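See structure below.
Predicted model only: the values in this text are computed from it and were never measured.
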Amino acid sequence: MEAVAEGLWGLADYQEQRGEIGKAVKCLEAICQSDVSFFPIVEVKTRLRIATLLLKHSHNVNHAKSHLERAQLLLKSIPSCFDLKCRAYSLLSQCYHLVGAIPPQKQVLHKALELSASAGHEITVKLWSCNFNSQLANALIIEGDYRSSISALEAGFACATEICYPELQMFFATCMLHVHLMQWDDENTVQLAVTKCDEVWESLDPQKRQQCLGLLFYNELLHIFYRLRICDYKNATPHVERLDAAMKADLQQMQHVQQLAKELDAINQSLSRSDLHHREVSALSEKQARLQHQLSSLSTWSSTAKGSLEPAYFGNMKRTYGDKLELAPPPIDGEWLPKSAVYALVDLMMVASGRPKGNFKECAKRIQSGMLTIQEELVKLGITDGVREVNLQHSAIWMAGVYLMLLMQFLENKVAMELTRSEFVEAQEALVQMKNWFMRFPTILQTCESIIEMLRGQYAHSVGCYNEAAFHYVEAAKLTESKSMQAIYQIYAAVSYICIGDSESSTQALDLIGPVYRMMDSFVGVREKTTALFAYGLLLMKQQDLQEARNRLAKGLQLTHTYLGNLQLVSQYLTILGSLALALHDPGQAREILRSSLTLAKKLSDIPAQIWVLSVMTALYKELGERGHELENLEFQKRREDDLQKRLVDAHSSIHHIELIDKIKVEVQQFHEVDINRATMGPSMSANLDIPESVGLSAQLPAPSSSRLVDLDMGRRGKRKV
């Protein structure tokens with residue numbers, strides 16, 4: 001009977017190679033359903049093979065789970081078979097993971113860890129222990145048990161250290177950094193985790209580092225998230241550049257691999273001919289061996305470890321050669337995100353790094369590239385026009401969530417970029433896309449609701465609808481639990497109230513600024529502090545407390561320039577400081593400051609900011625009696641105002657304008673059957689796209705109209721100190 005089993009196994013392998021997965025499963029199930037009994041170990045191996053096929057090529061997780069549970073029962077009667085038992089535990093854990101059954105998953109993993117603890121100290125035992133600790137950490141993250149997750153990862157790190165496996169040490173070090181970034185108890189703890197990653201990475205041989213491409217991407221991305229979280233944008237840039245270079249190099253290598261594979265296929269076809277002479281066969285065979293060696297030298301862990309456990313792929317899609325970025329060797333389930341998602345994330349990091357600097361041409365290219373990649377992957381997951389989250393396979397929800405969140409990040413950046421360039425219609429279209437995606441996937445994209453409200457406020461403010469803008473900012477603050485986001489949105493609302501210009505609105509602005517200003521030093525980084533100083537300085541200026549306004553704004557400008565590098569916010573700071581210098585009778589400093597501000601506004605194609613600066617410069621030239629400069633300036637200002645007016649007319653006449661500014665929240669029907677934690681956090685730490693709030697957040701304040709910000713002759717209002 002063993003010969004029969006071997007034959008059916010071979011036939012199943014043949015059918016799988018042909019892509020006939022259903023037939024391959026039937027071949028294997030023939031063994032399990034046979035009237036003649038096979039040895040238990042034969043049935044166990046067969047059921048494990050069926051489960052692996054189902055997880056790899058289908059969404060039939062429950063079917064795979066049934067086979068694994070049966071295999072486990074059979075293994076209980078077999079005293080040895082450590083490797084088979086571990087494979088069964090690992091695959092069953094992944095099945096529970098895919099269906100969202102976290103308690104039974106943890107139970108299985110604890111049993112697996114008990115087994116590996118009693119099995120000795122061989123390298124294979126330690127590797128399986130690393131596998132189980134990794135999966136346990138993922139499961140604990142879903143439940144929000146960060147401390148226990150860190151403990152599991154520390155146990156895995158200890159195992160990797162015992163067997164002197166630096167790549168595995170790096171895997172666990174980066175995973176721990178990831179958890180610390182999500183938890184963020186205190187900055188010192190996160191900094192220690194960053195330092196640990198740096199130490200382990202430096203301990204790796206340079207050649208090994210090149211082979212560990214998945215670890216390189218993971219490590220660099222986590223470093224970027226950390227730098228952006230603490231608002232250290234300048235030191236994030238080198239990491240972004242290294243990522244981009246690594247991505248381009250990998251794309252080139254993949255093209256090389258595809259070319260080699262194409263040549264090898266052609267040689268294999270030629271060798272199948274029966275009319276070849278011996279010399280031709282010899283030459284072709286030599287070339288075949290050379291190509292096979294070249295391909296083998298370019299292979300990764302998963303492609304060199306035949307027969308080892310293949311982890312369940314995210315989304316359960318069939319993946320092509322080289323489509324994985326492994327973080328660790330088998331049997332670790334060591335992929336964080338599919339390569340396409342990582343590449344899209346690299347594009348997103350390029351946008352996050354380039355947009356504040358005004359590199360809009362490159363940003364537009366990256367946004368288009370990233371969105372195209374994501375849309376292709378969404379189609380593979382079955383997400384086409386009209387599909388909503390109620391239609392999704394449960395096992396596809398979390399991978400869909402990763403791509404959808406990435407898509408929303410790209411769209412958010414597009415809205416911010418188009419508003420900066422006064423391309424209001426394009427901004428409308430991107431924002432409407434965000435709104436439509438949210439309405440189709442309200443549970444998965446739940447965290448995006450406040451972002452959409454904030455962007456509605458940004459749009460309304462940019463087109464001069466300040467009342468509506470303030471409403472949406474306040475609503476956005478209600479929709480998020482993040483203290484940081486609440487603070488930012490309150491400041492945005494305050495600026496809109498200041499732009500309304502009446503006494504009541506100024507009072508409302510102060511009521512919003514005050515609480516944030518008093519606690520601005522408690523936040524991580526300086527984003528909240530720079531925006532609070534900007535808004536408070538602006539309010540003091542409106543109240544004619546010019547010197548105090550100048551002091552606050554100068555401090556905010558210094559922080560913005562040093563840490564954020566956000567050119568639009570710098571330009572706005574400079575414009576107000578230029579206005580203040582003029583009002584305080586310092587025309588020389590005013591001229592210098594305003595020229596710098598105008599240069600930045602031109603680089604950003606920020607038309608309202610240009611008009612604002614030009615209006616102040618006109619007042620400056622008038623005061624200095626420079627009639628020629630004044631007229632020249634007025635002419636340029638008039639052209640800019642005409643251009644802006646045309647854009648505003650187009651925006652106001654659009655069918656989307658009222659929909660976006662209307663003081664009505666987006667109403668959606670929640671899909672209650674989706675586990676919100678799994679949909680929004682991801683099924684595991686590995687799949688959790690924990691992009692910090694600073695990534696993609698529009699930190700700049702849309703430039704209010706010059707008439708509202710430059711008028712220093714307005715009557716004094718009662719001053720209230722924050």
Side-chain angles (χ1 to χ4, degrees), residues 32 40-56 60-143 148-149 151-153 155-156 158-160 163 168 171-172 175 302 305 307-313 316 328-335 395 683-686:
C32 303
I41 196 165
V42 171
E43 187 176 343
V44 166
K45 288 180 178 179
T46 303
R47 290 186 183 277
L48 288 176
R49 181 69 179 135
I50 293 170
T52 302
L53 280 172
L54 292 171
L55 289 173
K56 184 177 179 181
N60 204 339
V61 181
N62 286 321
H63 193 182
K65 183 163 69 73
S66 298
H67 279 288
L68 292 168
E69 288 168 341
R70 175 61 183 163
Q72 266 206 321
L73 288 173
L74 291 168
L75 283 166
K76 284 182 179 179
S77 62
I78 305 175
S80 55
C81 297
F82 172 78
D83 187 64
L84 285 177
K85 288 178 179 178
C86 286
R87 291 179 65 185
Y89 276 131
S90 184
L91 282 170
L92 188 55
S93 164
Q94 292 176 52
C95 284
Y96 286 134
H97 199 82
L98 286 166
V99 298
I102 305 305
Q105 183 193 11
K106 290 196 300 180
Q107 188 178 16
V108 163
L109 290 170
H110 283 302
K111 287 180 181 178
L113 285 167
E114 288 173 11
L115 173 66
S116 59
S118 63
H121 300 280
E122 291 83 1
I123 289 180
T124 53
V125 174
K126 295 297 181 184
L127 284 173
W128 276 114
S129 181
C130 288
N131 173 302
F132 300 136
N133 276 304
S134 170
Q135 292 197 59
L136 181 59
N138 292 348
L140 291 164
I141 281 294
I142 293 174
E143 295 184 331
S148 297
S149 177
S151 297
L153 293 171
C159 281
I163 58 177
L168 262 184
F171 166 71
F172 284 106
C175 287
S302 64
S308 65
L309 171 68
E310 291 187 67
Y313 297 117
N316 304 307
I332 311 300
D333 184 0
E335 184 186 43
S395 56
S684 67
M685 181 195 58
S686 301

Report task. Show your working on side-chain contact (heavy atoms from CB on, under 4.5 Å) between Lys106 and Leu140 and close with a plain yes or no. Result -> CA-CA 8 Å; Lys106 290 196 300 180; Leu140 291 164; 3.9 Å; yes

Please tell me if the side chains of [X] and [Y] come closer than 4.5 Å, counting only heavy atoms from C-beta onward.
{"X": "Ser134", "Y": "Phe172", "result": "yes"}
{"X": "Leu55", "Y": "Leu98", "result": "yes"}
{"X": "Cys81", "Y": "Val44", "result": "no"}
{"X": "Cys130", "Y": "Phe171", "result": "no"}
{"X": "Leu136", "Y": "His110", "result": "yes"}
{"X": "Phe132", "Y": "Ser93", "result": "no"}

Nearest-0.5 Å distance, [atom1] of residue [X] to [atom2] of residue [Y]:
{"X": "Gln135", "Y": "Leu113", "atom1": "CD", "atom2": "CG", "result": "10.0 Å"}
{"X": "Leu73", "Y": "Arg47", "atom1": "CG", "atom2": "CZ", "result": "9.5 Å"}
{"X": "Glu143", "Y": "Gln105", "atom1": "CD", "atom2": "CD", "result": "9.0 Å"}
{"X": "Leu48", "Y": "Gln72", "atom1": "CG", "atom2": "CD", "result": "9.5 Å"}
{"X": "Ser116", "Y": "Leu127", "atom1": "OG", "atom2": "CG", "result": "11.0 Å"}

Requested in this report: Can you establish whether the number of heavy atoms outside Lys126 located under 6.0 Å from its atom NZ is more than 12?
Outcome: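 Enclosed: over 12 neighbouring heavy atoms sit under 6.0 Å from NZ of Lys126.
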
Query - Ile123, Thr124, Val125 screened by side-chain contact (heavy atoms from CB on, under 4.5 Å) with Ile163, the one that passes - result: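 One option only clears the test, and that one is Ile123.
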
Query raised in the report: Does Leu74 offer a backbone N or O that forms a donor-acceptor pair with the side chain of Ser77 under 3.5 Å?
Result: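 Checked: pair present.
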
Which heavy-atom pair separates [X] from [Y] by the least distance, and what is that distance?
{"X": "Cys86", "Y": "Leu115", "value": "SG-CD2, 4.2 Å"}
{"X": "Leu68", "Y": "Cys95", "value": "CD1-SG, 3.6 Å"}
{"X": "Ser149", "Y": "Ile141", "value": "OG-CG1, 3.5 Å"}
{"X": "Leu92", "Y": "Lys65", "value": "CD1-CG, 3.8 Å"}
{"X": "Cys32", "Y": "Ile50", "value": "SG-CD1, 4.0 Å"}
{"X": "His67", "Y": "Leu54", "value": "CD2-CD1, 4.5 Å"}

Query raised in the report: In chain order, what residues pass the salt bridge (Lys or Arg N to Asp or Glu O under 4.0 Å) check against Glu122, with sequence neighbours excluded?
Result: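 Testing Glu122 for salt bridge (Lys or Arg N to Asp or Glu O under 4.0 Å), a comparison that skips the adjacent residues, returns none.
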
Query raised in the report: Do Tyr89 and Trp128 pass the side-chain contact (heavy atoms from CB on, under 4.5 Å) test, and can you show the C-alpha distance, the side-chain angles, and the key distance before you say yes or no?
Result: CA-CA 10 Å; Tyr89 276 131; Trp128 276 114; over 6 Å; no

